[in-house]
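Take a look at the structure below.
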2 protein chains.
Amino acid sequence: MAKFKLDEIDHQILDMLIENTRTPFTDIAKKLLISAGTVHVRVKKMEEAGIIIGSSLTLDYRKLGYSFIAYVGVYLQNTSQTKFVIERLNAIPFVTVAHITTGKFNIFCKVRAKDTQHAKEIIFRIDDIEGVSRTETMISLEESINDKKRLMHDIFNQL
Amino acid sequence: MAKFKLDEIDHQILDMLIENTRTPFTDIAKKLLISAGTVHVRVKKMEEAGIIIGSSLTLDYRKLGYSFIAYVGVYLQNTSQTKFVIERLNAIPFVTVAHITTGKFNIFCKVRAKDTQHAKEIIFRIDDIEGVSRTETMISLEESINDKKRLMHDIFNQL
DNA sequence: GGTGAAACTTCTAATAA
DNA sequence: TTATTAGAAGTTTCACC
């Protein structure tokens, strides 16, 4: 995967858009002392380059009644079953993230649920997938850090 | 945390905006056979209710040279150190997520890095935090599932 | 609640520098 | 690459259902 070169202006534009996707280009232009047209052209280029994949809303799932987060480590009987198990995981509602991993677990996933009862149902469905030998659940008591914006800063402040 | 009641229209609006935050309200209105003003008012209400917290860009960090993802389980010497350790974690660049958890680990975090060398530096910084007894790293070989959009569907298709 | 239209703001593409 | 500009498009408000 090729590394794409962004300059300071691109960085600032991304910074403002990461904070709020709907920031008007005119506002960005004013702040960076460039024209709105330039902002438009640069954003378009970053989209074409595939740097900007898309945009999404951040919702408060707790307010929708979904306050429960757990990470579930999955042990497989055999790694050849990985692809199959991922497919099955993908079909289980409320499994929002899954990674194939090295280390302790073969697959590692994130579950969002209403409460412990609801989470139990989801985790049991994971346990029941053919090829899963056992799972280990880590319940989140608090999401203490979750900061996309800072990652951008970290990337740009690297030497 | 109170549960907020969203109707089918709100749901559809969120669905379209989760897919692309910049979807014009006029497009949404056309599709849902309501007026753009209504879309505007409903979005504003969801923002005021705190359901919509904000919006953010989705970037391809691999294209920026950051292809490495790892999850790090942190064991503490004593849970009373949790708050302190979280603060320290927050000061380490490229630690993008951290949860306080029950189960195996006391704290669980996600690291985004350039490569294994870079990741090593970050993980060593985590190991060095006072109060951390040891860590366990799970390297992501593949992010197989990561779907916010589906979560919304799951929530709305619940009985 | 919702609508439709007016007033206002922003976007976008073409042209020019 | 960037700036300007002007027409197109989108947003937001408001009087009225």
Side-chain angles (χ1 to χ4, degrees), chain A residues 2-60 63-65 148-149 152 155-158, chain B residues 1-60 63-65 148-149 152-153 155-158:
Chain A
K3 223 165 135 177
F4 189 89
K5 268 288 167 211
L6 300 181
D7 66 11
E8 188 55 27
I9 306 253
D10 293 324
H11 167 205
Q12 301 263 20
I13 291 171
L14 286 181
D15 242 29
M16 293 186 77
L17 288 177
I18 281 176
E19 188 89 41
N20 175 7
T21 318
R22 283 191 179 256
T23 311
F25 289 2
T26 46
D27 284 9
I28 297 175
K30 223 173 285 168
K31 190 160 175 194
L32 303 185
L33 306 173
I34 56 179
S35 76
T38 303
V39 176
H40 175 236
V41 169
R42 279 171 177 264
V43 169
K44 210 166 168 188
K45 265 185 197 154
M46 290 190 278
E47 281 170 351
E48 279 161 6
I51 303 271
I52 298 175
I53 299 170
S55 60
S56 185
L57 285 187
T58 309
L59 301 184
D60 188 339
K63 288 230 168 83
L64 294 170
K148 240 182 177 178
K149 195 175 48 193
M152 200 67 228
I155 289 176
F156 276 94
N157 295 330
Q158 274 287 103
Chain B
M1 191 72 61
K3 224 166 138 178
F4 189 89
K5 267 289 165 208
L6 300 181
D7 66 12
E8 189 54 29
I9 304 259
D10 293 323
H11 168 204
Q12 303 263 20
I13 292 171
L14 288 180
D15 241 29
M16 292 185 77
L17 289 177
I18 281 177
E19 188 90 42
N20 174 8
T21 318
R22 283 191 179 257
T23 310
F25 289 1
T26 46
D27 284 10
I28 298 175
K30 224 173 285 168
K31 191 160 174 193
L32 304 185
L33 306 173
I34 55 180
S35 75
T38 301
V39 176
H40 177 238
V41 169
R42 279 173 177 260
V43 168
K44 211 167 168 186
K45 263 185 198 153
M46 290 190 278
E47 281 170 351
E48 279 160 7
I51 303 269
I52 297 176
I53 299 170
S55 61
S56 185
L57 285 187
T58 308
L59 301 184
D60 188 340
K63 287 230 168 84
L64 293 170
K148 242 183 177 177
K149 195 175 47 190
M152 199 67 226
H153 280 115
I155 289 176
F156 275 94
N157 296 330
Q158 274 286 104

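Given the structure is predicted, the values throughout are model-derived calculations rather than measurements. Numbers restart at 1 for each chain; the letters A, B, ... are given by sequence-line order, proteins then strands.
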Output side-chain donor-acceptor pairs under 3.5 Å for residues 52-59 of chain B, partner residues at least two apart or in another chain, one line each.
| residue | atom | partner | partner atom | Å |
| --- | --- | --- | --- | --- |
| B:S55 | OG | A:N20 | OD1 | 3.2 |
| B:S55 | OG | A:T21 | N | 2.9 |
| B:S55 | OG | A:T21 | OG1 | 3.0 |
| B:S56 | OG | A:I18 | O | 3.4 |

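- For A:K44, no side-chain nitrogen or oxygen approaches OP1 or OP2 of C:dC11 to under 4.0 Å.
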Dump every N/O contact between nucleotides 1-4 of chain C and the protein below 3.5 Å, one line per pair.
| residue | atom | partner | partner atom | Å |
| --- | --- | --- | --- | --- |
| C:dG1 | OP2 | B:K45 | NZ | 3.3 |
| C:dG1 | O5' | B:K45 | NZ | 3.0 |
| C:dG2 | OP1 | B:R42 | NE | 3.1 |
| C:dG2 | OP1 | B:R42 | NH2 | 2.5 |
| C:dT3 | OP2 | B:S35 | N | 3.0 |
| C:dT3 | OP2 | B:S35 | OG | 3.1 |
| C:dT3 | OP2 | B:T38 | OG1 | 2.5 |

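- B:H11 pairs by the ring-ring contact (aromatic ring centres under 6.0 Å, His included) definition with B:F156, not counting sequence neighbours.
- Under the side-chain hydrogen bond (donor to acceptor under 3.5 Å, both in side chains) criterion, A:E47 pairs with no residue, sequence neighbours left out.
- Phosphate contact (OP1/OP2 of C:dT12, side-chain N/O of A:H40, threshold under 4.0 Å): present.
- With a cutoff of under 4.0 Å to any heavy atom of chain A, the contacted region of DNA chain D is bounded 5' to 3' by D:dT1 to D:dT11.
- Distance check, rounded to the nearest 0.5 Å: CE of B:M152 to CG of B:L14 gives 4.5 Å.
- Near DNA chain C, meaning a heavy atom under 4.0 Å from it, residues 20-32 of chain A has A:P24, A:F25, A:T26 in order of number.
- Considering all non-hydrogen atoms of both residues, A:S35 and A:A29 come closest at C-CB, 3.5 Å.
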side-chain contact (heavy atoms from CB on, under 4.5 Å) between B:H153 and B:D15, worked out: CA-CA 8 Å; B:H153 280 115; B:D15 241 29; 3.0 Å; yes
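- Of all the heavy atoms in A:F25 and B:R22, the pair that sits closest is CE1-NH2, 3.1 Å.
- In terms of heavy atoms, A:L17 sits closest to A:T23 at CD2-O, 4.1 Å.
- Contact record, A:K63 with B:I51: CB-CD1, 4.1 Å, taken as the closest heavy-atom pair.
- Heavy atoms only, all atoms of each residue included: B:D10 and B:D7 are closest at N-OD1, 2.9 Å.
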